[in-house]
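To start, the structure under review is shown below, and the notes come after it.
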Amino acid sequence: MALDLVAVALPTPLRRCFDYLVPPELRACLPPGVRVEVPFGRRQLIGLVVSAPRQAEGGGYQYKPVSRVLDPAPLAPPDWLKLVLWAAEYYQYPVGEVVAAALPAPLREGRPALGRQARRLGLTGAGRQALALLPARAHRQRALLSALAAADLQLLAGEASGFDAAVLRKALEQQWVEERDAVAEPGARTAAPPLSAAQQQALAALQSAPPGFSVSLLEGVTGSGKTELYLRLAEQTLLAGRQVLVLVPEIGLTPQLSARFAERFGAAVASFHSGMTEVERNDAWLAVAARRVQVLVGTRSAVFAPFADLGLVVVDEEHDASYKQQEGFRYHARDLALLRAKECAAMAVLGSATPALESLAHARSGRYRHVRLEQRISGRAPPPAQLIDLNVYPTRHGLTEPLLAAVSRHLEAGGQCLLFINRRGYAPTLLCEVCHWTAPCRHCDARMTLHRARGRLVCHHCGHEELPPRVCPSCGGARLLPVGEGTERIEDALRNHFPGHRVERFDAERLRGGDKLERLLDEVRARKVEILVGTQMLAKGHDFPALSLVGVVNADQALFSADFRAVERLGQLLTQVAGRAGRAEQSPHPAEVLIQTREPQNPQLRLLLGAGYGALAERLLAERAEAGLPPSGHLVLLRAEAPHMTEAQVFLRGARDLALAMLDGASEVQLLGPAPAPMERREGRYRAQLLLQASRRAPLHRLLPGWLDQLEALPAARRLRWSLDVDPIDLF
DNA sequence: AGCACGCCGACT
DNA sequence: GTCGGCGTGCTC
């Protein structure tokens, strides 16, 4: 007997879809991309139709019928669904969970696909009169009305107004405030600033890409004005009636960039990131599908926004590791963005001052167009970096005399100083002077970091906290010494050394919650802060016009790391930090970059400082080719964690044997391990991994589906946590 | 993942 | 005698 069936993706960890009977009257209502409610076991679930209804022989199976269709039309165009299905296959992750990651929560849970629209609020004549007559205690109404007296409030799709809902409701009721049409105007609203000669050249090079799909790597030093080029390309795309996706690596960078886009393009712009509420994200998502929004600025997950006609994809700071999701569905947003662009015949631009080796390799092979922007807008070359040898100069609280002297010099000349140290807390180790005991975390193979102001020892791997012991728990010795330094200690040392100068610390601990980062950055720009101490969050994207000295307290951690990407990352980080200095014309003092190191002869460090990131990248690419590592080879990592190391090892050995049985001896796929993770125990669990390596993707990816089916059937697989990471960027 | 079914220990 | 532990099996 022939049956009408549709395949439905459901939110379960099963790596397959499920077929449902199509009642005859619903046959026309079930195109791919609509949501349905279906019975699944004893539950009712919301799922997504992923195939057109098809005729099939029953084969005796009792299929269940679709219970309900939620959408009159597909939620998103076919290329969106294609991206979702492709990602599920490529990352070998359950389709239903990929769909769940690609849909905002309200849609996932079956809420109707109705979004709130972009709005514009304006002050009425009555409102203007009311503003003069408001009683003094009505300060919240006053704030609202005076803000609107200055300018209409333009709210993007899904954006909160920033005013209390009750206050807004009252003002609308009183007709002090009215809703006006929020017009999404194509083209620029505010005039674009003129381009430098170098920018003009780069823009011309970008624009000379053939119509349709193309990828350009825009390699532009910090301060060279890449953002203005994105804006120009976006304007052109909008005038052609197509939409724009701009990806940024982290939420902290969205306000700046979306503000610049909104300033230029008005209501056509929306943001999308994890700091928004689910409802806000839902509104933005739906507005993109309905073409009420033309430009979306967002983090990783914005790559799944349902563009109706995507014409331009920008991936800013494309080298940034935040684009790779590090748990669950481990996708790389940059890679998916390129796939997306290809399917939509859109132009893709990868922007960075320090491109990933992957992207450089593609540029070198001609697969990407390589556009360089080597001149800063200011015309000033980035300052040269100099090394301070920690074997020669003693330190106090991590700082050498030459570095402190440089800080004095720049402060006297009215410049700002940035001290970079990629470690939070006061000191990474608490050491007993007598027996050399160090404070360990009871859940991890790691030392506890001393946070002195909080009076706590904190493990940065699991979050465990303890009170520091008074005496050594091992020998009873009374002299426990903080060894090494973190941001807090550097901050203290600088406060003591430069009393009367304002020192501010920038790290996750200090800036937790709210808009503290934004507020502090404003104070930096207003020159109220003279010395900045911080972690890598200071290296990313922010503009400090008056900054003239960058000091790197210690560059050495990465030089000893086991991770094969450590030196690439160090090169990117040092280049990005150094790029914060001397960006603006009004920089009061020639800029300087000083790097403290115990390894001044390190060849990679010298190459970076002498010949720049590009030269280091060339060297690293050659090394990767030699070792068969990315981008010259391809990796898949199977991780496992269990209460005891033997359980993890037994599972991974089983996995290895299955893979060996599936591969013939001559296969290009190499298996490495199983081996314990670099940190064997973390959060109380033992971790190990099995690495698959191949010079070509095809044989590796051919292996995966069948291998995973067998892995899931392994009895050991049920008793521990394991996951597959395709194209891993960290080896645990 | 959920959610059932199923077969062994300490409690009203 | 039952409530409940988590092993194992299935979900169109």
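Reckoned from all heavy atoms, side chains included, excluding hydrogens, waters and symmetry mates. Just so we're on the same page: letters track the sequence lines, and every chain starts at 1. Only a predicted model underlies this, so the values are computations on that prediction, with no experimental measurement involved.
- The residue from A/Arg330, A/Arg697, A/Arg565 that alone fulfils the salt bridge (Lys or Arg N to Asp or Glu O under 4.0 Å) condition with A/Asp727 is A/Arg697.
- At least one donor-acceptor pair closer than 3.5 Å links the side chain of A/Asp445 to the backbone N or O of A/Arg681.
- Taking the six-membered ring for Trp and the full ring otherwise, A/Tyr331 and A/Phe304 have centroids separated by under 6.0 Å.
- Where A/Arg42 and A/Glu97 each meet DNA chain B at their nearest nucleotide, the meeting point lying more 5' is that of A/Glu97.
- Geometrically, A/Arg16 engages A/Phe18 in a cation-pi contact, judged by NZ or CZ lying under 6.0 Å from the ring centre and within 45° of the ring axis.
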Is there a side chain to side chain donor-acceptor pair (under 3.5 Å) between A/Glu318 and A/Ser359 once you walk through the steps? CA-CA 9 Å; A/Glu318 63 87 27; A/Ser359 304; 2.7 Å; yes

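- Checked by atom type, the side-chain pair A/Gln557/A/Asn422 shows no donor-acceptor distance below 3.5 Å.
- Residue A/Pro39 is in sugar-phosphate contact alone, with no base atom involved, counting any heavy-atom pair closer than 4.0 Å across all strands shown.
- Contacts with DNA chain C (heavy atom under 4.0 Å) in residues 13-20 of chain A: A/Leu14, A/Arg16, A/Phe18, A/Asp19, A/Tyr20, listed by number.
- Atom C1' of nucleotide B/dG2 and atom CD of A/Gln44 are separated by 14 Å, given to the nearest angstrom.
- Between the side chains of A/Gln44 and A/Ser67, a donor-acceptor pair is found at a separation under 3.5 Å.
- Side-chain rings of A/Tyr90 and A/His701 approach one another, their centers coming within less than 6.0 Å.
- Contacts between chain A and DNA chain C, taken as any atom within less than 4.0 angstrom of a protein heavy atom, begin and end at C/dT8 to C/dC12.
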